[in-house]
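This is a predicted model, so every value here is computed, not measured. Letters go in sequence order (proteins before strands), and every chain restarts at 1. Keep in mind that the numbers below use all heavy atoms, side chains included, and drop hydrogens, waters and symmetry copies.
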Amino acid sequence: MKILIAISSKEYSKPTLQVGMWAAKAFNASVTIAYVGQKISAFGTSDVGLAQESIAKWGIERPGVQVLEWAFNYLAENKYITPETAKAGFQRNTLVDRGKNRVELHLKGNYCEGVDLILRRGDIIPELRNEVAQNGYDITIIGRSKKRRMAHDLVQYIDSSIYIARDLAPPEGHRLLQAVDDSKGTAKALVYGSQVAKAFKMPVDVLTVSKRESFGKGYMGAHKKALRAFEKVGIKPVSILKVGDPVSEVIKTATAKHLIVMGVSHLNPIVKFFKGSKPLKVINQCNSPVLIVK
Amino acid sequence: MQNTKILNSAIFWLSQKRWLIIATIVGALFYLMPTPEGLTAEGHYILVIVVIAIFLIIFEPIPLPAIAFIVLILEVLFSIASPNEAAKSFFSDAVFFIMGSLMLAVAIISQGLDKRLALGIIRLTGNKTWKIVFGFIGISAILSSFIGEHTVTAMMLPVGLTLLRFTNADPKQLKRLTPLLLFSIAYGSAMGSIGTPSGGGRNVIMLDYWREFGIANITYLKWMSYAYPMLLIEIPLATAILWFTFRPKHKLMDTAIRKLKLEVAKSGKMTGREMSAIFIFILVFLGWVFLSPKIGLGVVALIGVVLYLVFGLIHWDDLNRNTNWGVILLFGAAISMGLQMKDTGAALWIAENAISTLERITPNIDILRWFISVFLTGILTNLLSNAATVAVIGPIVLNMGGDPIIIGFSTAIASAFAYLTVVASPTCMIIHSSGLVKSKDYMRAGWKMFLMSATVLFFISKIW
């Protein structure tokens, strides 16, 4: 498994980094921690480049390097990297420019296969999209953004599952809320949900919401299948069947201690662009962390 | 599944290129409109190109060279110019100057003269914060009037950041001091760029227009006699504005200055290489003063570049890697549009219509001309690049009547009022790239700087 963790600053990105590394440890995944710096107008790229070379000669690092150094220290303190790597310290002079707007530093992982710290510059969505396209990640983990279109752009344009992290909380205290319907997305989401629940020994709530009073065969079949999937990995899930608007009911059911797992919507991308989808509405309206599985 | 992926990619492309699509639609609608009365068909078409180019320059949906090529292609496709005429209008002494000055900046910055500069500033200013701010603004302004604002900002930024780091390692403790010092560098450099023709490419573009339009042949020293008094007046005023806007807690920076002295002392005595670099730049400066009327500012700048290369002070690979070729091509395109606007009569048509429309507000035509040249340029320079602004606005304001020298100077000078946005000028972008100043800080101090500069320019232009 390959995980991409997008961080922005030490003030706001600790929950994102923490949950990403927990997942990496649980699944023995290889991890890339990415900082995407602000986009520079094409008029100033050379001038800014020259200025940054100048300040580097004075021993002052560009903004992203300090964030990567903070991430390195976090990895070292929590033993996610080998003792030798941690002891050597953050070697800023070993940041390698790989071209295509990507500077990277490879670290030897302790629990996970390896950790790459990378710097990119530009608009966040195109940069993450390029990173995922070039290196094929399974999950992208990112903090919630205040920008209205951000959830749509992440889910729509980045070709990996998306985990939207929220406040800092250990996985042990959390419950997993698996939202289930008869859509194509639910099946894959179930695979991820059961793996996560098993890895973190999380109690599970399986929620199916019907808009009509009676539950159709498809919905009931999907719900039972979900219950069985969790039982197979040794977890006895709580079955919740509700009637109403699916988005409202998911939000009502989820508490701050829930991790919501949903499949990606298979609506037409044009419809999603203008009208949104259930997963997007849940991301935007709910305060719990959400994993959208693709 | 595959179809969904293709559709997703298409929507992503459309969302990334929306301003290209909007520019194309607006351009197409403008093209399909009947040609306004008094405007030639070629004039109409060049205005279509200008509108498209402005959208593309502001929102940058495609790389700068692509924008330049679109201008070139459309000029030929719309029969505004033959391929040879379009190519010829792309390259002028102003473009040579922009190319030369960008390369000189690379050559000068790579010599590591910033530590010498730091020592000079410390000796002049002492350890009082207000004096340091005054020194930063004054030295940035004076240096940038000769070697260009981006060069000076790139050299001064490490000095400012080092002082901040030595004052307190935690930037959060320096919430006011940080913008104060960084804006002193950026705004000082921007203000200074009006001082001489070599302060910025836009000054040379205006000189070129005066010459091309048969208005005047202004020398380097003549320009200085017009612009330098304004620059000197602005230095204390800008110091006061920035000081009272950001009022820092740290009134003294003695510890930081002491540490900076120690840091700079490590670099030892001035090397032969550094002295050669300075000597070549002095030669370039003398060339601008004494030779430019005959051989042009651009050619003199290129002579300087050749000297740096010949004496091994810079390698071609470094020049090539750090020179923004996209900017050079785009400024060539902007100048080409400006010249075509003049040749097709589009510039005159806009000037006449702007004046007659605004005459309804005030009959005082001098105020109107001044307002258009200064405020329109000042606003556009904060959205577009300042050289592109002068290249496009220049032919219009020079056709508005009145004294074209004063109007031209006002326009070129107002294009330095790039205080309001991050993208206003390379100086603003450079300090923003440090990650220590926020976009809102530009507005906080910038509007005061804009008003102050416009007011000083108003009174100075009365004296002219």
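- A donor-acceptor pair is defined here as one N or O able to donate and one able to accept, closer than 3.5 Å; such a pair exists between the side chain of B:Asn324 and the backbone of A:Ala42.
- Between A:Arg129 and B:Ser9, the closest heavy-atom pair is NH2-OG, 3.5 Å.
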For B:Leu64 and A:Phe43, run side chain to side chain contact (heavy atoms under 4.5 Å, CB included): C-alpha distance rounded to whole Å, both residues' side-chain angles, the deciding distance at 0.1 Å, then the answer.
-> CA-CA 8 Å; B:Leu64 298 184; A:Phe43 285 95; 3.8 Å; yes
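- Put simply, the side chain of B:Ile11 does not reach to within 4.5 Å of the side chain of A:Lys272, judged on heavy atoms.
- Counting non-hydrogen atoms of neighbouring residues, nucleotides and ligands closer than 6.0 angstrom, the NZ atom of B:Lys17 exceeds 12 such neighbours.
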Is there a side chain to side chain contact (heavy atoms under 4.5 Å, CB included) between A:Ser54 and B:Ile109 once you walk through the steps?
-> CA-CA 7 Å; A:Ser54 270; B:Ile109 292 167; 3.4 Å; yes
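- Under the 4.0 Å criterion applied to side-chain N and carboxylate O atoms, A:Lys57 and B:Asp114 are not assigned as salt-bridge partners.
- For the set A:Thr45, A:Ile40, A:Val48, the entry with the most heavy-atom pairs within less than 4.5 Å of chain B is A:Val48.
- Nearest heavy-atom pair, B:Ala118 versus A:Trp58, reported as atom, atom and distance to 0.1 Å: CB-CH2, 3.9 Å.
- Under 3.5 Å, the side chains of A:Ser41 and B:Glu60 contain a donor-acceptor pair of N or O atoms.
- There is no contact between B:Val422 and chain A, counting heavy-atom distances below 4.5 Å.
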Give the C-alpha distance, both sets of side-chain angles, the deciding distance and a yes or no for side chain to side chain contact (heavy atoms under 4.5 Å, CB included) between A:Glu53 and B:Asn322.
-> CA-CA 11 Å; A:Glu53 278 179 23; B:Asn322 290 310; 3.9 Å; yes
Report the C-alpha distance between B:Met429 and A:Asp47 in whole Å, list the side-chain angles of each, state the deciding distance to 0.1 Å, and finish with yes or no for side chain to side chain contact (heavy atoms under 4.5 Å, CB included).
-> CA-CA 8 Å; B:Met429 291 179 218; A:Asp47 297 323; over 6 Å; no
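- Of the two parts of B:Thr153, neither the backbone nor the side chain holds a non-hydrogen atom closer than 4.5 Å to a non-hydrogen atom of chain A.
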